[in-house]
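Here the structure is laid out as structure tokens; the discussion comes afterwards.
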Amino acid sequence: MQNIKLDLSGVESFVEKKEIEAMNWKIERSFNFLKKRDGLGNEFLGWLNLPKDYDRDEFYKIQETAKKIRGNSNILIVIGIGGSYLGAKAAIEFLGDEFKNYCSDFNVFFAGNNLSPNYIKSLLKAIDEKDVSLNVISKSGTTLEPAISFRIFREHLIDKYGIEEARKRIYVTTDKSHGSLKRYSIEQGYETFVIPDDIGGRYSVLTSVGLLPICICGYKIDEIMLGAECGMENYLLNDNNLSKNISCKYAAIRNILFNKNKNIEIIVNYDPELKFFTEWWKQLFGESEGKNHKGIFPASLNFSTDLHSMGQYIQDGSRNIFETVLCVENSKNDIAIKEEENNLDGLNFLNGKTLDFVNKKVFKGTRFAHIDGGVPNLAISLKKLDEFTFGELIYFFEVACAVSAYSLDVNPFDQPGVEMYKKNMLDLLEKF
């Protein structure tokens, strides 16, 4: 079973067969680094077998905690930054809808991903008369943005409920045994969940980091793990058919294009539910590949919205870009377009057609135009936006990213540049 398809017809005029053949040895070598666990950063490969080997006790605890939180709270605030929130937010939007927080009796909000006083003050105002639980996610507990937010919202809970009740509403996802947040959680008696030592933040969405908020929002995390297991079978274990492994094919094509000076990849969606999935994708590839003055720059756009701001540049600007388009085959909903008597907009020819039909035609027409304009186009088709597909898609990109980074001869799993700016921030705040 495979809910993902890769269409390479939009790169055929840009990539020659001999270039693919020349890249194959490097992709195979990179894939073997992953499979044999002997490449750079191999101590962070816990995500590889996670879909089959995840902690069942922790999984059950997540499900029970989700019931508890939904039973005593109207609001969940997830505090985290980078991989500590992007995967969960990507899933919640992928599986939900744009306006769920406006018409639901249970809402989830995110904090700790910025330092804006306006944002924090507005969020405090929004939750003032609501029953609130917190899920703070941090390996160390000392990352600036989430640590400050945790202080603020912890104080809000203590003022509202008192110390004892506040303790029962704070859930911490952190290191199993080390770090200041783990120590503080033990002192305060907070319920804790584990960030595995061998899984980095941007690869952590299928751990408690992502699964707890996703489950609290009512989505089926068992289906997500089944989808990821399908991805594991298709993109990792099926190495005897590496030529048919579309995750490795994606990694190969993007590296070939990079070698042809296509050094910016724009990931595009035509469904707003995918907006934060592309944000997760940006961190995954940007933090994994952008090292040693190498790497494809990851960018994202939301079509057809951004066609009216960036369409001109893509069509006629610098030719150092290529596109990867996420397409949804079966929309969750659809609306038929009706005929109007006066036909002021001249669109009566669409009578009886649906919005999904129009959206897909916009995708095809735009793709043809961009290819003609010199922009290679890859298309990744998703059967539908459900839990199974989400899990498979996560695993598809995780494998592709690791293979692609190894092909650039960089470590896919460290982030030395991030550590540098964190140090500078704290130095400027006089914390040495």
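- Looking only at side-chain heavy atoms (C-beta outward), T366 and Y270 come within less than 4.5 Å of each other.
- Residue E289 is tested with K294, R254, R202 for a salt bridge (Lys or Arg N to Asp or Glu O under 4.0 Å); the sole match is R254.
- In this structure, F413 and W47 have tilted ring planes: the angle between them lies in the 30° to 60° band.
- The shortest non-hydrogen separation linking G295 to L408 is CA-CD1, 4.0 Å.
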Please table the atom pairs, donor to acceptor, closer than 3.5 Å between any side-chain atom in residues 83-96 and protein atoms at least two apart or in another chain.
unit_1: K89; atom_1: NZ; unit_2: E93; atom_2: OE2; d: 3.1

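- When only modelled atom types and interatomic distance are considered, E323 and N377 share a side-chain donor-acceptor pair under 3.5 Å.
- Not one N or O on the side chain of D356 forms a donor-acceptor pair closer than 3.5 Å with the backbone of S331.
- Salt bridge K282/E279: present, at least one basic N to carboxylate O contact under 4.0 Å.
- Looking only at distances, a side-chain donor or acceptor of E19 sits under 3.5 Å from a matching main-chain atom of E16.
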Exercise. Stepwise, does the side chain to side chain donor-acceptor pair (under 3.5 Å) test hold for D131 with S73?
Worked result: CA-CA 5 Å; D131 281 318; S73 301; over 6 Å; no

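- Side-chain atoms of N135 come within 3.5 Å of backbone N or O of Y171 as a donor-acceptor pair.
- Residues S138 and T174 have side chains that never bring a donor and an acceptor to within less than 3.5 angstrom of each other.
- Side-chain contact check for N320 and N261: no donor-acceptor pair (N or O, by modelled atom type) lies under 3.5 Å.
- Ring geometry, F59 versus Y54: the interplanar angle falls from 30° to 60°, so the pair is classed tilted.
- Using modelled atom types, no side-chain atom of S288 and backbone atom of F285 make a donor-acceptor pair closer than 3.5 Å.
- Aromatic rings of Y250 and F397 (six-membered ring for Trp) have centroids within the 6.0 Å cut-off, being under it.
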For this session: Could you check F31 against N245 for side-chain contact (heavy atoms from CB on, under 4.5 Å), going step by step and ending with a plain yes or no?
Result: CA-CA 11 Å; F31 183 80; N245 185 328; 3.9 Å; yes

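- In this structure, H156 and F153 have perpendicular ring planes: the angle between them is above 60°, well past the 30° mark.
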For this session: Carefully, step by step, assess I20 and N24 under the rule side-chain contact (heavy atoms from CB on, under 4.5 Å).
Result: CA-CA 6 Å; I20 296 175; N24 279 344; 4.0 Å; yes

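- Distance alone, capped at 3.5 Å, places no donor-acceptor pair between the D271 side chain and the L274 backbone.
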